[in-house]
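A note on names: the letters A, B, ... follow the listed sequences, proteins ahead of strands, and every chain is numbered from 1.
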Amino acid sequence: MKYLRLKKNTDIQKLFKKGKRAFCGGLSAVYAPSPELKMAVIVSKKHGKAVKRNRVKRLLRQAFFNTCGNIPFACAVALVPKAAESYSLKSFEKWLCGIYKKM
RNA sequence: CGAGUCGGUCAUACGGUCGCGGGCUGCGAGAGCAGCGUGAGGAAAGUCCGAGCAUCGCAGGGCACGGAUGCCUGCUAACGGCAGGAGGAGGCGACUUCAAGGAAAGUGAACAGAAAUAUACCGCGGCAGUUUUGCCGUAAGGGUGGAAUGGCGAGGCAAGAGCUCACCGUCGCUUUGGUAACAAGGCGAGCCAGUUAAACCCCAUCCGAUGCAAGAUUGGGAUAAGGGCUGCGUUCAAUCGCGGGGCUGCCCGUCCGUCCUUAUCCGUUAAUAUCGCUUUAGCUUGCCGGUGACGGCAAGCAUAGAUAGAUGACCGUACACGACAGAACUCGGCUUACAGACCGGUCUCGGAUC
RNA sequence: GCGGGUGUAGUUCAAUGGUAGAACACUAGCCUUCCAAGCUGGUUGCGUGGGUCCGAUUCCCAUCACCCGCU
């Protein structure tokens, strides 16, 4: 299933002001209804240096790509993982499905 | 064979499915779709130096109670880098390592110690007095200290002292070798003054400021607040003088008639578009010159360019089971991190054999 | 990404290369019937690793951590 990147700074600011939040495991999501499915990944510097941050981003994008068929309605989502020592694709997918159920 | 030393190379590989950035080609009005090919490093890191490039300023010049560098010769676009050499230190050795200009321009240097660049505390010796002692000579010994009149031996002396002598060290002059740093030798001076300049300082050389979030192109308006300016005298006159402001910290010099800054609101993607943005001190190979850094010539190659920021997921095979780590304008260095694997040297030491 | 700055006691800050200090905090004693306040005393330190120096918190180099500015 295709999705778009959420890129503009102003859009993200609006999303954080108006959107609802959902949590599952080590992952939190901010979402708001929109005509197209949009996604952004937010990884702060607390996660480590560039290699670690890129690793987290790639895993989260892959997990979202694998599971975004289960999303109940079209919306804009920002995904914020919590800082941890190690990450895995399967746990991200589990947490994403948990978030979709709560939405 | 073992131990070592120096230098270099690589940094999981291959196949399949899905996914991402850029490019080219084709289709399409367009959004986009299809195909082909391509897509992180030796340090991409730290941002410690040096440049390109851009803007500001430009007639530019000078001065720094600004900064950097500091043995010599070369290399380089340049450098605080590199190469070769000199000297000190370490190692049996190959080799490693070193912030290594100047103290006869001046200033400063805790505590301890008698005394730190000027001196006699104890001691040793002479003279006087003899109960303590006083005067003089003395740096051999003690003690203090990081540092105390160059070291050691012999002579000498009242006791001592480069006071005298040999050797070593130091300083001055000179010869030879070397482009030079410097080295070796000769002659002379008994050595009247230490150490510290990663303390101030002096000398020599170099340096305008800011950084691609630089900057360029295209692209609207309204309102409010604050600041600056022509402010004063004079003149027909911005003409002249004073004052004010900009130009690098200051000075000389030079320029200056209507602008600048901030906040809020509406509106197109507008701090988000397009350019800068990747072809250059470029890479590879061969030959030549040079001890070397490096230079020259010839042939071949084109090799990321994102902009919330692209390399991932899964499966299979192999083994050593994969370290440090992710381009953000670009180069040349330096420094720091790093699982391991491999290669080389008219390299070194030890043992064995011939 | 580019530029700049700071590391000192549990906390906030000082200190010219020569024994590292102040305030609050903590703690022991005195005072009080007890607590608070007050008085007297004490404990706790130079981010890390090298170098220069007789001697480094201070000077030099490297490294680590944190903070700020620029869209």
Heavy atoms of A:F23 and A:I99 approach each other most closely as C-CG1, 4.2 Å
Tell which nucleotide pairs with B:rG74, taking only Watson-Crick or G-U wobble pairs whose two distances are both under 3.5 angstrom. B:rC82
Torsion-based syn/anti label for B:rC65, 90° from 0 as limit: syn
Could you tell me if the side chain of A:L27 sits less than 4.5 Å from the side chain of A:L60, heavy atoms only? yes
Between A:I42 (CD1) and B:rG309 (P), how many Å, whole number? 11 Å
Ignoring hydrogens and angles, answer whether the base of B:rG19 and the side-chain atoms of A:R58 contain a donor-acceptor pair closer than 3.5 Å. no
Separation between the C1' atoms of B:rG80 and B:rC207, rounded to whole Å: 13 Å
Would you call B:rG305 syn or anti, using the 90° rule around 0? anti
Starting from the 5' end of RNA chain B, give me the residue, A:N54 or A:V41, whose nearest nucleotide shows up first. A:V41
What is the base-pairing partner of B:rA120, counting Watson-Crick and G-U wobble geometry with both distances under 3.5 Å? none
Taking atom C1' of B:rU17 as reference, at what distance in whole Å does atom CD of A:Q62 sit? 12 Å
Whole-angstrom distance between B:rC250 and B:rA209, as gauged at atom P: 15 Å
Could you tell me which nucleotide pairs with B:rA68 by Watson-Crick or G-U wobble geometry, both distances under 3.5 Å, or answer none if nothing does? B:rU205
d(A:L89 CG, A:R58 CZ) to nearest 0.5 Å is 14.0 Å
Could you tell me how far C:rC68 sits from B:rC329 if I compare only their C1' atoms? Round to whole Å. 25 Å
Interatomic distance at C1', B:rC283 relative to B:rU303, whole Å: 9 Å
Taking the nucleotide of RNA chain B with the nearest heavy atom to each, does A:K57 or A:N66 sit closer to the 5' end? A:K57
pair_partner(B:rU278), Watson-Crick or wobble, both distances < 3.5 Å, evaluates to none
State the pairing partner of C:rG17; accept Watson-Crick or G-U wobble contacts with both distances under 3.5 Å, and report none otherwise. none
To the closest 0.5 Å, what do you measure between CZ (A:R61) and CG (A:L59)? 10.5 Å
What's A:R55 touching, base or sugar-phosphate or nothing? Going by heavy atoms closer than 4.0 Å. sugar-phosphate
Yes or no on side-chain contact (heavy atoms from CB on, under 4.5 Å) for A:L79 and A:L96, after CA distance, side-chain angles and deciding distance? CA-CA 9 Å; A:L79 301 173; A:L96 275 172; 4.0 Å; yes
Can you tell me, in whole Å, how much space there is between the P of B:rG81 and that of B:rG101? 14 Å
A:G98 and A:C24: which non-hydrogen atoms are nearest, and at how many Å? CA-SG, 4.0 Å
When the P atoms of C:rG42 and C:rU58 are considered, how many whole Å apart are they? 28 Å
Distance check, P atoms only: C:rU52 and C:rU57, in whole angstrom units. 16 Å
Round to the nearest Å and state the distance from A:L59 atom CG to B:rC18 atom P. 21 Å
What distance do A:Q62 atom CD and A:T67 atom OG1 have between them, rounded to the nearest 0.5 Å? 10.0 Å
Which way is the base of B:rU303 turned, syn or anti, if we draw the line at 90° from 0? syn
Does OP1 or OP2 of B:rA325 have a side-chain N or O of A:R53 closer than 4.0 Å? no
What form does the base of B:rU175 take, syn (within 90° of 0) or anti? anti
Can you tell me the Watson-Crick or wobble partner of B:rU268, both distances under 3.5 angstrom? none
When rounded to whole Å, the CD to C1' distance for the pair A:E93 and B:rC314 reads 11 Å
Provide the distance between the two C1' atoms, one in C:rG41 and one in C:rA14, to the nearest whole Å. 24 Å
Whom does C:rG69 pair with, Watson-Crick or G-U wobble, provided both distances fall under 3.5 Å? C:rC2
CG of A:L89 versus P of B:rA313: gap in Å, rounded? 8 Å
When both hydrogen-bonding distances must be under 3.5 Å and the geometry is Watson-Crick or G-U wobble, what is C:rU33 paired with, if anything? none
Given atom CZ of A:F64 and atom P of B:rA308, what is their separation to the nearest angstrom? 18 Å
Syn or anti for B:rU25, given that syn means the glycosidic angle lies within 90° of 0? anti
